[in-house]
Amino acid sequence: MTAHGTGRRNAITKLLKGAVAGGTVTVTGWVKTSRFGKNVSFVHLYDGSSTHTVQVVLTPEQAEANKARLGVGAAVQVTGTWSASQGGEQAFEVQATDVQIVGDCDPESFPIQKKATSLENLRTIAHLRPRTNTFQSTFRVRNAVSWHIHRFFQERGFQWVHTPIITTNDAEGAGELFEVKVGDEPFFGKKTFLTCSGQLAVENFVQAFTDVYTFGPTFRAEHSHTARHAAEFWMIEPEIAFANLDDVIALAEDFIKDVCLSTIAQCPDDFEFFDKRIEPGNLARVKEALSKPFARVTWHEAVEILSNVKGRTWEFPVGPGMSLQSEHERYLAEDHFKGPVFVTNYPSVQKAFYMREDDNGETVSATDLLVPGIGEIIGGSQREERLDVLERRIKQFGLPVEEYWWYLDLRRFGTTPHGGFGLGLERLIMWLTGMKNIRDVLPYPRTPGSAEF
RNA sequence: GCCUGCGUAGCUCAGUUGGUUAGAGCGACGGACUGUUAAUCCGUAGGUCACCGGUUCGAAUCCAGUCGCAGGCGCCA
């Protein structure tokens, strides 16, 4: 049988798809569980390619020689015959002819046990949690989502733009930033920060390539202590030219649906795991939401809906000029629309300076996509393309106009109506999988006071 | 930044109005048994009750402080 990839091994996922007994295979992986008996012994291996393990069958002699070193977590390489299994829970197994212990794992001190444990506990051993079912599935899905994000845009001719991680503008109004310094020296001649958004930078490219996107890490130095905030997270920011807010919303909906459905199709076993062990019913709710048009309301309509809610007291009062708080967003997505909803045309005072002012002068062509359980996963807008209006708004926001000279230049040289949105990768993964904490969908979560790994 | 809650074996948790030697299940280890499936059965080891003061004849338990963690809110993705 031909080995997968480099030829050094047979990946478990490929073996299970083969579905024909016979031939010699080599499986590499880590011990999930093992059982030793007088006549026959079993070792189950995982290699990260599948939710399934491969059962390795050992003779009494092989078991006796390796028993002490085949505890949970040990790294092993097994060569043997791919055979029909006599057991009920798997169709095939490996009858071992050669067993090599590649890396020992002391069962007394190895913190991953052959039993369930809490996600909180696993956060304290983030270097070892990829060895568990939950994190195997989570990070396979994260990989698949990332792949389909690129595929979606590449198929549509979008250019992936690598906007800088180190930026100079600290006045985008997107929260606190991490400053980048070397000693006391202004390394770049002026103050620099880790990016909190690639949007302003990518706008220069949209006015040259028409359809572009960014996909990379983003940093926020806010002291946010919640299950859906991290100091370092990944964001996707498409930007389209010759486009208005309706075009942006249409893109966002197509994008979410394509990426989610493709990921579910690519990782059926992982989603079966999430539906069984993490959040029963979530997969059905997600599929239901993806099968019909997302709801859409203006901010004014949303306020109207909230004002008419009977028999409920709000912590933050509902009324004219209100800003939508978490409790209001959750009510809209979870109780009223029972699915994803685009809220559009917010009061301009509540939103960023670059969002395009509506003709009424009161609202901007912005949108947030709210989903049940998470809240906002997308924030987007049509951008202000009119030079005079943009200059006025920058001043109204109390920002230094001269700092935006190159951003304003775009409005001088062949400006176009354009817009885009930012999607939080982790929040999308949380909504898809039912994982409740952003710390558990990031490989190495960074939150205020915490960056151990 | 604000509010609330929680720190007891490796893990998940009990622990009464403060009362001798702090418990269970699982895991680990040892044995038995078995084409087994987080097997099953029997047994063994394992705890400075987060830390530091105080109250008391006596503190896991009551009080104060410190540290850590979690959840909610604000900010946002």
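Per chain, numbering begins at 1; letters A, B, ... match sequence-line order. Remember, it's a predicted structure, so these values are computed and weren't measured experimentally.
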Looking for any heavy atom pair under 4.0 Å, which part of the strands does A:I378 touch: base, sugar-phosphate only, or nothing? sugar-phosphate
Choose from B:A77, B:A28, B:G1 the nucleotide whose nearest atom is closest to any side-chain atom of A:V72. B:A28
Among B:G35, B:U12, B:A77, find the nucleotide with the atom closest to the side chain of A:T117. B:U12
May A:F233 be described as stacking on the base of B:A77, applying a 5.5 Å centroid limit and a 30° limit on plane angle? yes
Using a heavy-atom cut-off of under 4.0 Å over every strand shown, decide if A:E232 touches base, sugar-phosphate, or nothing. nothing
Looking only at B:C73, B:U36, B:A38, the nucleotide nearest the A:T226 side chain is B:C73
Looking across every strand, which nucleic acid part, if any, lies under 4.0 Å from A:G375 by heavy atom: base, sugar-phosphate, or nothing? nothing
Would A:F153 and A:W160 count as a close aromatic pair, with their ring centres under 6.0 Å? no
Inter-nucleotide P distance (B:G19, B:C63), Å rounded: 15 Å
What about the rings of A:Y404 and A:F353, do their centers lie closer together than 6.0 Å? yes
Let's see if you can work this out: which of B:U37, B:C26, B:G74 has an atom nearest to the side-chain heavy atoms of A:K115? B:C26
For A:N39 and B:G35, what is the distance between atoms CG and P respectively, to the nearest whole Å? 6 Å
Regarding the side chain of A:H229, the nearest nucleotide among B:C76, B:G35, B:G27 is B:C76
Could you please name the option among B:A38, B:U36, B:C76 that lies closest to any side-chain atom of A:R35? B:U36
